[in-house]
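Since the structure comes first, as structure tokens, the remarks are kept for the end.
So that the names make sense, note that chain A is the first sequence line, chain B the second, and so on, each numbered from 1. These figures come from a predicted structure and were not determined experimentally.
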Amino acid sequence: MLDIQLLRSDLAAVAKRLADRGFTLDAAAFEALEAERKKVQTDTQELQAKRNALSKQIGQMKAKKEDASALMAEVNAQAEQLKALEQQLADVQQRLNEYLMVIPNLPQASVPFGKSADDNPEVRRVGEPRQFDFTVKDHVDAGAALGGLDFDTAGKIAGARFSVLKGGVARLHRAIAQCMLDTHTSEHGYTEVYAPYMVSGDCANGVSSLAKFKEDLFKIEGRDLYLIPTAEYPVTNFVRNQILTFKELPLKFACHSPCFRSEAGSYGKDTRGMIRQHQFDKVELVQIVTPENSGAAHEELTAHAETILKKLELPFRTVTLCTGDMGFSSAKTYDIEVWLPGQSAYREISSCSNFEAFQARRMQARYRTAQGKTELLHTINGSGLAVGRTLVAILENYQNADGSVAVPAALQPYMGGLKAIVPMA
RNA sequence: GGAGAGAUGGCCGAGUGGUCGAAGGCGCUCCCCUGCUAAGGGAGUAUAGGCUCAAAAGGCUUAUCGAGGGUUCGAAUCCCUCUCUCUCCGCCA
């Protein structure tokens, strides 16, 4: 949520910056709502003040055993009007809140202008795509050749966009998650956490907009619970409705969890393989920081995610999402894209965002400064990394002509020293 | 699933219809005292918002004692619903 004060003081500038990201702010609607709110609120509070003053007098008179019926009649005379005004005020405030809750975050000044993913500038490129002297398989064929990737069985159980992993591939999937978690906790200072795979509607609204993105989530029938599309949902909400002290900051959490997405808007997209699934694993990094540190923390967190790809010796590039390609809550996002030989393309494997106070304001997540003032926190998160897509990248980048797949050196300790996965008997 | 208890400020904890935004304690901030990390004294210390002001300061004001409704001139206090926590029993991984 944006700071309403900002809209009040500089509506035109806000509208202009939102236009950069393709969002049309209805400025006239805001001004009308504000005018209404102001009038109704002033009137209501005036009447409330009068009632409070009279009630106080009544109390004092009764204490002295005097007759207060005249004052009581006076309060009663305005009771109905006050009730109506209070109702009106609640109503206009709710409409104002609904208006605010669906406005996306403002891009940072450093975010480049652009309309789509095609306009995302590359920040850096690390590693050289390997040259193959045989016809490369994509991960579906490479996985099938190993007998470790089975979409037919998954389809039989749950339908499209699910997968079953077996044998060495399933173990590799587990090894990837273990390696990521260990790296972030022992080398990058994150605290490992385990959290619910379902969150309340309030928590979903704390990190994003439920009104806007309801369709992307799986809802639990008959309950106010949603399957998490990322561990960002539960973990960022750790600090909701809380006032931390500056001494506790920054908080750094790493969480390995499954993620559930309905993929409602992506029919026909990435239908092959496990690039886009209803369920996938991810190791999520979350940082809760003070405002002055969020820029640096965002860079740091992005580097932490990149470290995993460097360890696994997978070629990647990092791009800055342009204004037109950013997510709803983000003020700035870096996407990390891994090289997939099967597609001859870089594909997203991590998205690292700085939300500044946008989520904190929705969650009422605050901290007390050294001066004793309470301020909104800044939140940052990123995938470190998506486990399923990392598996895809390894199957494709580490495949051999004989159908076996080499195990990256960094993962071998997690695979009992195994150096390659060979086709199952 | 059954029975009971509870939810108050950063924390602990008083408060069963009026002058209570809320005693007291802890913590924190500032000052004083004290020749060193201890102790003592004093002052301050909830949050969000509105109006006013060129702005800041200030002034006036509203709401908030788990959430939402209700009763009342007036609710932390009474009533209803919900959520959560704890204890005991049952069941269960």
Side-chain angles (χ1 to χ4, degrees), chain A residues 1-10 30-101 194-206 210 220 222-226 234 237-249 251 288 290 357-377:
Chain A
M1 187 158 65
L2 295 179
D3 184 356
I4 192 169
Q5 305 291 358
L6 194 62
L7 290 169
R8 287 188 183 128
S9 62
D10 211 352
F30 177 76
E31 280 170 337
L33 272 172
E34 259 293 278
E36 186 184 350
R37 187 226 95 225
K38 191 164 168 173
K39 167 106 180 65
V40 176
Q41 182 163 358
T42 312
D43 291 353
T44 306
Q45 294 190 351
E46 218 167 86
L47 226 56
Q48 284 171 330
K50 192 173 157 196
R51 179 204 60 200
N52 290 347
L54 286 173
S55 292
K56 200 169 232 179
Q57 277 185 52
I58 293 170
Q60 287 164 348
M61 290 179 80
K62 291 216 162 176
K64 287 186 247 165
K65 306 271 188 231
E66 291 170 25
D67 176 29
S69 55
L71 289 182
M72 284 168 70
E74 196 179 340
V75 179
N76 269 325
Q78 63 163 51
E80 218 161 289
Q81 191 194 355
L82 179 58
K83 198 170 177 183
L85 274 171
E86 281 174 340
Q87 182 54 50
Q88 252 187 72
L89 182 61
D91 179 66
V92 69
Q93 276 173 339
Q94 194 194 326
R95 278 183 286 139
L96 200 50
N97 191 50
E98 281 165 7
Y99 175 91
L100 285 171
M101 286 293 275
Y194 170 85
Y197 297 157
M198 302 175 203
V199 297
S200 67
D202 281 346
C203 286
N205 258 320
L210 197 51
I220 305 298
R223 303 205 48 175
D224 180 36
L225 283 175
Y226 299 83
N237 275 291
F238 280 8
V239 295
R240 78 180 286 110
N241 290 328
Q242 248 192 293
I243 302 177
L244 305 169
T245 102
F246 68 97
K247 290 176 196 158
E248 306 173 68
L249 301 168
L251 295 176
I288 312 290
T290 57
F358 190 84
Q359 296 181 325
R361 190 172 291 109
R362 289 168 164 256
M363 297 188 296
Q364 282 303 297
R366 294 165 296 175
Y367 77 106
R368 206 173 292 282
T369 66
Q371 291 72 39
K373 285 189 74 78
T374 52
E375 269 183 45
L376 291 169
L377 290 157

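Contact check on Glu34(A) versus Arg8(A) returns a salt bridge, with a Lys/Arg side-chain nitrogen under 4.0 Å from an Asp/Glu carboxylate oxygen.
Within the 4.0 angstrom heavy-atom criterion, only backbone atoms of the sugar-phosphate kind lie near Gln5(A); the bases stay farther away. Nucleic acid contact class of Thr374(A) (heavy atoms, under 4.0 Å, all strands): sugar-phosphate only. Among the protein residues, Leu54(A) comes within range of no part of the nucleic acid, since none of its heavy atoms lies under 4.0 Å from any strand. Note on Lys38(A): only backbone sugar-phosphate atoms sit closer than 4.0 angstrom, heavy atoms only; bases stay farther off.
As the counterpart of A75(B), no nucleotide is assigned, since no Watson-Crick or G-U wobble pattern has both distances under 3.5 Å. When Watson-Crick and G-U wobble pairs are counted only if both distances are under 3.5 Å, A7(B) pairs with U83(B). Of all nucleotides present, only G2(B) satisfies the Watson-Crick or G-U wobble test against C88(B), with each distance under 3.5 Å. Under the Watson-Crick or G-U wobble criterion, with both distances below 3.5 Å, G27(B) is paired with U45(B).
Asp3(A) contributes atom CG, which lies 8.0 Å from atom OG of Ser9(A) (distance to the nearest 0.5 angstrom). Between the CZ atom in Arg240(A) and the CZ atom in Arg362(A) there is a gap of 11.0 Å [rounded to 0.5 Å].
Contact annotation: the side chain of Gln94(A) never approaches that of Asn97(A) to less than 4.5 Å [non-hydrogen atoms, C-beta and beyond].
Closest contact between the side chain of Arg37(A) and the listed nucleotides G10(B), C51(B), C73(B) involves C51(B).
Residue Gln60(A) places no side-chain atom within donor-acceptor reach of the base of G18(B), judged by atom type and a 3.5 Å distance cut-off alone.
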